[in-house]
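Before any comments, here is the structure.
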Amino acid sequence: MTSYTEAQKEAIVCLDEPLQIIACAGSGKTQVISQRIAAILARPGVEPRNLIAFTFTEKAAAELKERILSILEKDGLDTLGLAEMYVGTMHGYALDLLQRLVPETFKFSVLTEITSRMFVDRNSRKSGLTVCPTLSSGTPYLRRFLHSRLFLQATGVLREDTVNWDLVPAGVVASFEDYMKLLYAHAYFDFTEMINLAVQFLEGDIDEDESSGVVQQHIREDIRYVVVDEYQDVNPLQERLVRGLTQFGANLCVVGDDDQTIYQWRGSEVSNIVTFKDRYEGVRQVTLAENFRSSEGVVEVGRSVAERIPDANRLPKAMVRAGHQRWQRGDMIAREFADEYDEAAWICDRIEAMRGLAFQDAADTEARGLSWSDFAVLYRSVANDAGPLVEEMRRREIPYVVKGLNRLFDSPEIQAVVGVFRYMAGLMDASDLRDLWADAKLLPSTADWGGAMAVLDEGRDFDRGKRWGVYNIQRLYLEFMEALGLREETVPGQPVRRELVFYQLGKFSQAISDFEQIYFNTAPKQKYETFAAWLEHQAPGYYAESDADVGYAMPDAVTLTTVHQAKGMQWPAVFLPCLRANRFPAKRQGGLGLFHVIPETAVGDADRYKGTLEDETRLFYVAVTRAQKYLFVSFSPGGNQLYRRRSAFFDHCAAQQWFSTREGGVAAGTPRLEPRARHETPNVTLSFSELKYLFECPYQFKLRFLYGFNPPLHEALGYGKGLHDALAEVHKRAIAGDLVRQEAAEDLVIRHLHTPYAYPELKTTLHRAAVKAVKRYLKDHESDLERTVHSEKQIQVHVSPGITVDGRIDLVRRLDTDELAIVDFKSTARAQDEDVTRDQLHVYAVGYEELTGKRADLIEVLNLDEEGKTIREEVEDPLLVSVRARIKEAGDSLRDNHLPRLPTWSEHCGKCDLAELCRDVPPDAKRSRRAATGR
DNA sequence: CCATATTTTCTTTTT
DNA sequence: GAAAATATGG
């Protein structure tokens, strides 16, 4: 789309006043934003680092980045320094801002939804959970495990929303304070806190608080343009972040569609977008009403759905069709069925019948035949309603992918693994365990069951060592698999099953990591018992199976997903089945809710946390507008009486003249072609550490990042990071003209060293070692600190369309010889392979050149360990070229899902934590591996 | 038609 | 264990 409509042009060239782009579904929003950003970058005196663009997800960010880059390249514009333009989520930005400018936060790590809950449950008293009062007489206080999710929602709302604190019960306030205190004591951020803390510094008094001063100075000097996509989903705290970033006059552009606000139950505040014009001075509003995606029928129905939303909560607009898709009688059908099996069968019939119908993706492209991946089935709730269709598709062998099914723990394979830990906790005996594994078809033909049990029995001897870190769940899991001889190729069955089983086992490894992150230092016996209980009661609800996302290659398959997840996507044909009253629109939930903790009156606009009819209507609007041409809405009564009536949304559609209530012949007159899947290359963004694994051994990469296997947690974890962070502070201060002296070493280590998994003596040892290392570094480099050029420089290497490598250079410095050196710190005596290090630093050199236009002369490795050796080499041009080529190769093989093992046992394997899952470990290597891990 | 009793369920998900 | 939807009774 190189020619723009008048409205689009208006948006693209409006760069100096606050701009609100109201973008209807399918209006070419991303293209307009990208073009506008390119226009900003083309302005004289504007650097990429002057610009921030927020998206809702990382995936959307990758797409936006890619789009911007392709426009810049097409227009022949400079891409120098592009790595310093922030394109990403608000959470990512806030974290980045803090960890760049506020040394106290360098050591903080981020809790996920899952680890947050475990953290609160483990510390149920200290976190405030069990002392948090409720307004329900039946449950005077929140309870462990049962209410941790609710408690976390409340702590989130108290920070994200506008709260009248006088109306919040004192007990709740006290609980909230307990939680915050505990969070900081453990150096954790939850998702809200990253943004909250950033906002504190943005709003803070610069005379009172040093960090506020630093943060605000950076914003004042650097930030000139802020773009916020999906503005309708911004919550009040995020709005404050936006305010803070633009408080010194940066230009603000917000983009969104109030009709697509579907995350209000997470705090999204529609009024942000609806009243934007009143809250900012001199706002220019541009409405992109032209829908290029869908046929007239789809557009008109979408519009009619949106008009069901009360006008008071809407921006006036009328979506019109502007694309090339033509509506034909029979494209849109509204049908009722006697039961859900008939409905499922009909959907499959239609898909089979429509496969191969001619379809034109764009006005200027050739038609192709519809393929499996051109069909989507969208549900209000996949977990509740998708069952019958999944069954039918499996029966008919129609390829499909389901998203949003929480069924990982139902599978016999995972139940077998859970059995292992029931055995460990003494809840199951050995012969039952064996039966379980045999029934799950997980025993390789050569299985050494006795050996595997020996691993468990040794692990169950809890008097073996005094250090609790010895009783490592992850290591036990990996050793058990090794002893059993369970590897991808020894899993009984077909290759497809092997891959799926390994994916599940990898997910389980991920679950262990999550658990041990929180419970690592629990007494061994209790730790295993808690783990077994957690597996039984908590874990099943936490981990989704989504057998789809193995690999980067996109399968040609029908998509079954929720409307929420479908946001931003489109398909030629969309099915909206199970349109039942009380399901879609959904009836409200019972049980203890947010308002039993925080009174409704204390929160501004409390309604949005409840889920109103209006919200459901917006969701249905999103659902309808995903379709490009074919749209099928259907109803069948659900299993029980609550769901036996038709949804008002179904009736709404059936009443539209665009819909037929009975199908004719399948789109009579439309020619048939060979089915050909829409070709989409996924964007691949790799961090350097991921790239490193891909270089070293593609199969290790697969085990780690596609399957999710994690190596056992190490007790000394955090040591290297602490040293890095301490030196980062040193160099940042050096750039600001503050040369840190040796005496500061202790202080630096106290601030940055965080070793949560170390037992007390080890903590002391590590602390001493760190102080010594920092002191040594400061002594050795006293004279060259002032020649620091950059510290922690973010780089990005663009290899080919869709392949990007992100990384961070530890240090760039000028040597006595006036040469420019790119430096990487290492902190263990155990040397990384020199070839890998050389690759790494040459990637950085490439990135540095793309960032600054300057070529580095040298690469250096400074080892902070006394024994470690220093490397200093010239940057070699041929290597730069070949490294680029190798990244491209690696990216391509990733897309093709071609990730083979190394041909034979090699040096890399000796250092690979997951070698046991890959091949037989030679006896001599086994010995040295055991020595290295202290087993 | 209204008040009360009984039945039935307990989404959605980003960082 | 709470709330909404539906069934029941006047």
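Just so it is clear, the structure is predicted and the values come from calculations on it, not from any experiment. We name chains A, B, ... by the order of the sequence lines, and we start the count at 1 in each one.
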request  = Can you run down the side chain to side chain donor-acceptor pair (under 3.5 Å) pairs that involve residues 594-603 of chain A, sequence neighbours left out, and say none if there aren't any?
outcome  = A/Glu600-A/Lys610
task = Taking salt bridge (charged side-chain N to carboxylate O under 4.0 Å, His left out) as the test, write out the residues that go with A/Lys59, two or more places apart.
result = none
inquiry  = Using a 4.0 Å cut-off to any heavy atom of chain A, which nucleotides of DNA chain C are the first and last in contact, reading 5' to 3'?
reply    = C/dG1 to C/dA7
query = Taking only residues two or more places apart in sequence or in another chain, which ones pass side chain to side chain contact (heavy atoms under 4.5 Å, CB included) with A/Glu690?
reply = A/Leu686, A/Ser687, A/Phe701, A/Phe705
query = In terms of the angle between their ring planes, are A/Tyr86 and A/Tyr93 parallel, tilted or perpendicular, with boundaries placed at 30° and 60°?
reply = perpendicular
remark   = The nucleotide from B/dC10, B/dT12, B/dT13 with an atom nearest the side chain of A/Asn384 is B/dC10
request  = Would you kindly give the CG-to-P distance between A/Asp229 and B/dT14, to the nearest whole Å?
outcome  = 16 Å
key: Reference residue A/His564; test ring pair (Phe, Tyr, Trp, His ring centres under 6.0 Å); the match among A/Phe620, A/Phe584, A/Phe56, A/Trp265   = A/Trp265
task = Could you tell me whether the phosphate oxygens of B/dT14, OP1 or OP2, come under 4.0 Å of any side-chain nitrogen or oxygen in A/Thr57?
result = no
query = Near DNA chain B, which residues from residues 88-97 of chain A have a heavy atom under 4.0 Å away?
reply = A/Thr89, A/His91
query = What nucleic acid atoms does A/Tyr263 come within less than 4.0 Å of, heavy atoms only: base, sugar-phosphate, or nothing?
reply = sugar-phosphate
query = Taking only residues two or more places apart in sequence, or in another chain, which ones meet A/Asn313 in a side chain to side chain contact (heavy atoms under 4.5 Å, CB included)?
reply = A/Glu614, A/Arg618
task = Look at all strands and tell whether A/Arg644 reaches a base, only sugar-phosphate, or nothing, counting heavy atoms closer than 4.0 Å.
result = sugar-phosphate
query = Judged by atom type as modelled, is there a donor-acceptor pair below 3.5 Å linking the side chain of A/Gln238 to the main-chain atoms of A/Asn235?
reply = yes
key: Partner set under salt bridge (charged side-chain N to carboxylate O under 4.0 Å, His left out) for A/Arg314, not counting sequence neighbours   = A/Asp259
task = Any pair with a residue in residues 141-163 of chain A that passes salt bridge (Lys or Arg N to Asp or Glu O under 4.0 Å), sequence neighbours left out, goes on the list, sorted by first then second residue, please.
result = A/Arg159-A/Asp190, A/Arg159-A/Glu193, A/Asp161-A/Arg608
key: Euclidean distance, atom CD of residue A/Gln232 to atom C1' of B/dT14 [Å, nearest integer]   = 14 Å
inquiry  = For A/Tyr643, does the six-membered ring have the charged nitrogen or CZ of A/Arg580 within the cation-pi criterion, i.e. under 6.0 angstrom from the centroid and within 45° of the normal?
reply    = no
ask   = Expressed as a whole number of Å, how far does the P atom of B/dT13 sit from that of C/dA2?
value = 27 Å
request  = Using the six-membered ring wherever Trp is involved, compare the ring planes of A/His186 and A/Phe119 and label them parallel, tilted or perpendicular (cut-offs 30° and 60°).
outcome  = perpendicular
request  = Round to the nearest Å and state the distance from A/Glu193 atom CD to B/dT14 atom P.
outcome  = 22 Å
ask   = Rounded to the nearest Å, what distance is computed from the CD1 atom of residue A/Ile114 to the P atom of nucleotide B/dT14?
value = 12 Å
message = What I want to check is whether an N or O donor and acceptor connect the side chain of A/Arg266 with the base of B/dT13 at under 3.5 Å.
response = no
Between B/dT14 (C1') and A/Gln565 (CD): distance, integer Å = 11 Å
inquiry  = Mind checking if A/Glu113 touches a base, just sugar-phosphate, or nothing, with heavy atoms under 4.0 Å?
reply    = base
inquiry  = Checking A/Asp233 against A/Arg266 for the salt bridge (Lys or Arg N to Asp or Glu O under 4.0 Å) test, could you report, in this order, the C-alpha distance in whole Å, the side-chain angles of both residues, the deciding distance, and whether it holds?
reply    = CA-CA 9 Å; A/Asp233 282 324; A/Arg266 259 176 40 199; over 6 Å; no
Kindly give the atom pairs (protein nitrogen or oxygen, nucleotide nitrogen or oxygen) under 3.5 Å for nucleotides 4-6 of chain B.
none

inquiry  = Going by salt bridge (Lys or Arg N to Asp or Glu O under 4.0 Å), name the pairs with one or both residues in residues 93-108 of chain A, residues two or more places apart or in two chains.
reply    = A/Asp96-A/Arg100, A/Asp96-A/Arg808
message = Checking A/Glu391 now: which residues fulfil salt bridge (charged side-chain N to carboxylate O under 4.0 Å, His left out) with it, not counting sequence neighbours?
response = none
Secondary structure string for DNA chain B (Watson-Crick or G-U under 3.5 angstrom, | for other-strand pairs) = ||||||||||.....
inquiry  = Is A/Tyr643 close enough to B/dC10 that one of its side-chain N or O atoms is under 4.0 Å from OP1 or OP2 there?
reply    = yes
request  = Look at the side-chain N and O atoms of A/Asn582 and state whether any lies under 4.0 Å from the OP1 or OP2 oxygen of B/dT11.
outcome  = no
ask   = Quick one: A/Lys610 NZ to B/dT11 C1', roughly how many Å, whole number?
value = 17 Å
ask   = Side-chain N or O of A/Thr192 less than 4.0 angstrom from OP1 or OP2 on B/dT15?
value = no
query = Going by an N to O cut-off under 4.0 Å, is there a salt bridge joining A/Lys65 and A/Glu58?
reply = no
task = Select from A/Arg645 and A/Gly593 the residue whose nearest nucleotide in DNA chain C is closer to the 5' end of that strand.
result = A/Gly593
ask   = Tell me: CZ of A/Arg149 to C1' of B/dC10, nearest whole Å?
value = 11 Å
ask   = What's the CD-C1' distance between A/Gln153 and B/dT15, to the nearest Å?
value = 16 Å
